[in-house]
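Structure record follows, encoded as structure tokens.
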Protein chains: 2
Amino acid sequence: MASDTKRRILDAAEQLIGDKGFPSTSMRDITKAANVNLASVNYHFGSKEALLAAVLARRLQPINERRLQLLDEIETQADDRGATLYDIVRAFLSPPFEQQTQWGYNETFLRLLGRIHSETNEEFRQVFMSEFELVFQRFAVALQRPLPHLTNSNLPWRMLFMVGSMAFTMSWGQSMMLREDSSATPDDVLNELIAFACAGLAAPVHQEISHPQQLQETQ
Amino acid sequence: MASDTKRRILDAAEQLIGDKGFPSTSMRDITKAANVNLASVNYHFGSKEALLAAVLARRLQPINERRLQLLDEIETQADDRGATLYDIVRAFLSPPFEQQTQWGYNETFLRLLGRIHSETNEEFRQVFMSEFELVFQRFAVALQRPLPHLTNSNLPWRMLFMVGSMAFTMSWGQSMMLREDSSATPDDVLNELIAFACAGLAAPVHQEISHPQQLQETQ
DNA sequence: GTCTATATGCGGATAGAC
DNA sequence: GTCTATCCGCATATAGAC
């Protein structure tokens with residue numbers, strides 16, 4: 001069946017790319033794991049890069065939509081009191097982990113997500129970023145309210161830190177599990193992550209010494 | 001000159017791998033950029049993988065030594081009062097940025113570092129982690145003191161979050177600069193990062209509801 | 001839609017002259 | 001130590017039979 005082939009390719013690609021990374025995963029690997037013919041990838045997707053785009057779109061779009069949906073919900077509920085920092089952060093961080101728990105702790109997807117954030121080349125980052133842009137902007141606006149002491153010169157950076165701790169955790173969480181005795185579930189980790197991010201975002205602003213001098217060096 | 005060739009290869013490899021990633025960077029790319037012969041990489045380093053190891057070692061060892069040195073210093077100074085959270089976090093986060101500023105804001109190295117943390121395959125992670133292990137352990141012990149409310153089940157995770165925000169920032173910081181009006185220097189970013197990490201590490205522990213129920217959803 | 005066979009090029013590595 | 005020439009395998013992609 002045709003659509004079955006497409007799905008099997010997407011699943012296998014997601015798995016393998018999450019495992020080994022995009023450049024190190026060959027179409028031979030993918031088609032073998034999916035138990036389909038080598039040529040079918042090009043037939044169904046056009047190219048290896050287009051396959052990657054399809055793999056990402058299948059997961060990222062629902063996640064970003066879910067983020068916006070959750071944000072809408074809490075903002076509606078909160079009325080003009082404004083949503084709490086905790087709720088906003090949770091709305092941002094939980095969707096990737098939600099998808100996760102639906103599958104019974106298949107960590108591959110989290111690692112793929114982690115890789116997406118950091119592995120791709122510069123052009124691809126632009127594409128990814130442009131899709132992410134809307135989400136980023138809306139959460140920036142939402143966060144501004146419970147964090148009035150932050151400005152345009154530090155709120156975006158702190159959001160970047162939050163995304164970084166999330167992405168890194170998705171990518172390394174599995175290795176981490178093995179090192180610790182750790183019976184932590186992804187849900188436990190998510191809760192820790194939310195606590196960490198809330199506190200980090202709300203941290204007092206470091207006293208600006210307004211650039212005493214470019215810390216320079218000869219050579 | 002021989003040693004000059006080695007250095008040129010290391011420099012070019014660092015640059016290109018930071019740019020495009022390890023698997024996507026060919027030895028032909030490297031030797032062309034370094035203006036040396038293709039065969040010289042194998043002559044001097046043995047293999048492409050060994051070259052990567054050399055590239056990393058050249059930078060990581062000084063950074064990790066510097067981290068431990070700074071930790072020693074602040075612990076000596078602080079006596080039995082114990083070092084402050086801020087000083088410990090700073091000792092951990094600043095060395096990569098220090099190396100950086102010595103070179104006059106060549107972001108390549110920071111991006112390479114970011115990639116190391118996220119791009120490599122599982123075997124390589126093990127190697128990297130084993131070198132990092134000592135540093136991680138010593139800082140975990142040091143952090144335990146100003147953070148007595150944390151335990152073995154959450155301190156390591158929070159340290160992972162800290163490393164994640166750092167790695168991600170190193171990897172994406174450059175793109176970030178471009179997006180914002182941002183006249184932020186790496187030093188500004190470092191200060192923001194330290195503030196974020198301190199607060200995140202010190203965050204109150206989320207009330208353990210001992211797994212009320214998997215946050216569920218129907219599809 | 002699926003498959004085989006193949007085109008075409010790039011990858012890491014090395015033999016051997018200088 | 002450096003270079004050329006080359007081995008050899010794997011990569012993506014596609015032509016064309018079924």
Side-chain angles (χ1 to χ4, degrees), chain A residues 1-58 112 115-116 119-125 127-128, chain B residues 1-58 112 115-116 119-125 127-128:
Chain A
M1 201 187 306
S3 62
D4 191 55
T5 296
K6 278 187 86 162
R7 193 185 50 71
R8 299 234 308 266
I9 292 171
L10 286 170
D11 288 344
E14 183 174 286
Q15 176 90 22
L16 288 167
I17 294 170
D19 254 25
K20 311 194 297 177
F22 179 67
S24 308
T25 301
S26 71
M27 302 181 71
R28 285 177 170 81
D29 291 339
I30 294 168
T31 51
K32 194 165 132 191
N35 206 25
V36 299
N37 189 270
L38 171 61
S40 61
V41 170
N42 281 292
Y43 176 79
H44 285 289
F45 297 95
S47 71
K48 190 192 177 190
E49 287 232 331
L51 169 60
L52 176 60
V55 168
L56 299 188
R58 184 172 67 148
L112 172 64
R115 283 187 183 278
I116 293 165
E119 184 192 356
T120 53
N121 56 27
E122 198 61 33
E123 316 129 50
F124 202 88
R125 288 188 182 202
V127 178
F128 174 67
Chain B
M1 199 187 306
S3 62
D4 191 56
T5 297
K6 277 187 86 162
R7 193 185 49 71
R8 300 236 306 268
I9 292 172
L10 286 171
D11 289 345
E14 184 174 287
Q15 176 90 23
L16 287 167
I17 294 170
D19 255 24
K20 311 194 299 176
F22 180 68
S24 309
T25 301
S26 71
M27 301 182 71
R28 285 175 171 82
D29 291 338
I30 294 168
T31 51
K32 193 165 133 193
N35 207 25
V36 299
N37 190 269
L38 170 61
S40 60
V41 171
N42 280 292
Y43 177 79
H44 284 290
F45 297 95
S47 72
K48 190 191 177 191
E49 287 232 329
L51 169 60
L52 175 60
V55 167
L56 299 187
R58 182 172 70 148
L112 173 64
R115 282 189 183 278
I116 293 166
E119 185 191 354
T120 53
N121 55 29
E122 197 61 34
E123 315 129 49
F124 203 88
R125 288 188 182 202
V127 177
F128 176 68

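Chain naming here is simple, since letters A, B, ... match the order of the sequence lines and numbering starts at 1 in each. Quick caveat: nothing in here was measured; it's all calculated off a predicted structure.
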Checklist entry - Any donor and acceptor pair, going by atom type alone, linking the side chain of B:D19 with main-chain N or O of B:L16 inside 3.5 Å? => result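 It does not hold such a pair.
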Atom-to-atom span, [atom1] of [X] to [atom2] of [N] - whole angstrom:
X	N	atom1	atom2	result
B:N42	C:dT14	CG	C1'	8 Å
A:H44	C:dC3	NE2	C1'	12 Å
A:Y43	C:dT2	OH	C1'	9 Å
B:K20	C:dC10	NZ	P	12 Å
B:K6	D:dG1	NZ	P	9 Å

Item to check | Listed partners of B:D11 passing side-chain hydrogen bond (donor to acceptor under 3.5 Å, both in side chains), at least two apart | outcome: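 side-chain hydrogen bond (donor to acceptor under 3.5 Å, both in side chains) list for B:D11, sorted by chain: B:R7, B:R58.
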Please report the shortest heavy-atom distance between [X] and [Y], naming the atom on each side.
X	Y	value
A:N35	A:R8	O-NH2, 3.1 Å
B:F22	B:K48	O-NZ, 3.0 Å
A:S40	A:I9	OG-CD1, 3.7 Å

Item to check | Heavy-atom side-chain proximity of A:L51 to A:M27 below 4.5 angstrom | outcome: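 Of all side-chain heavy-atom pairs linking A:M27 with A:L51, none is under 4.5 Å.
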Checklist entry - So which of residues 30-40 of chain B are in contact with DNA chain D, with a heavy-atom cut-off of under 4.0 Å? => result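 Within residues 30-40 of chain B, the residues near DNA chain D are B:N37, B:A39.
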Checklist entry - Residues in salt bridge (Lys or Arg N to Asp or Glu O under 4.0 Å) with B:R28, at least two apart? => result none
Nucleotides 7-11 of chain D: which of its N/O atoms have a protein N/O under 3.5 Å away?
| unit_1 | atom_1 | unit_2 | atom_2 | d |
| --- | --- | --- | --- | --- |
| D:dA11 | OP1 | A:S26 | OG | 3.4 |
| D:dA11 | N7 | A:R28 | NH1 | 3.4 |

Checklist entry - Counting just side-chain N and O atoms, does B:T5 come under 4.0 Å of either OP1 or OP2 of D:dT2? => result yes
Checklist entry - Partners of B:A50 by side chain to side chain contact (heavy atoms under 4.5 Å, CB included), sequence neighbours excluded? => result B:S47
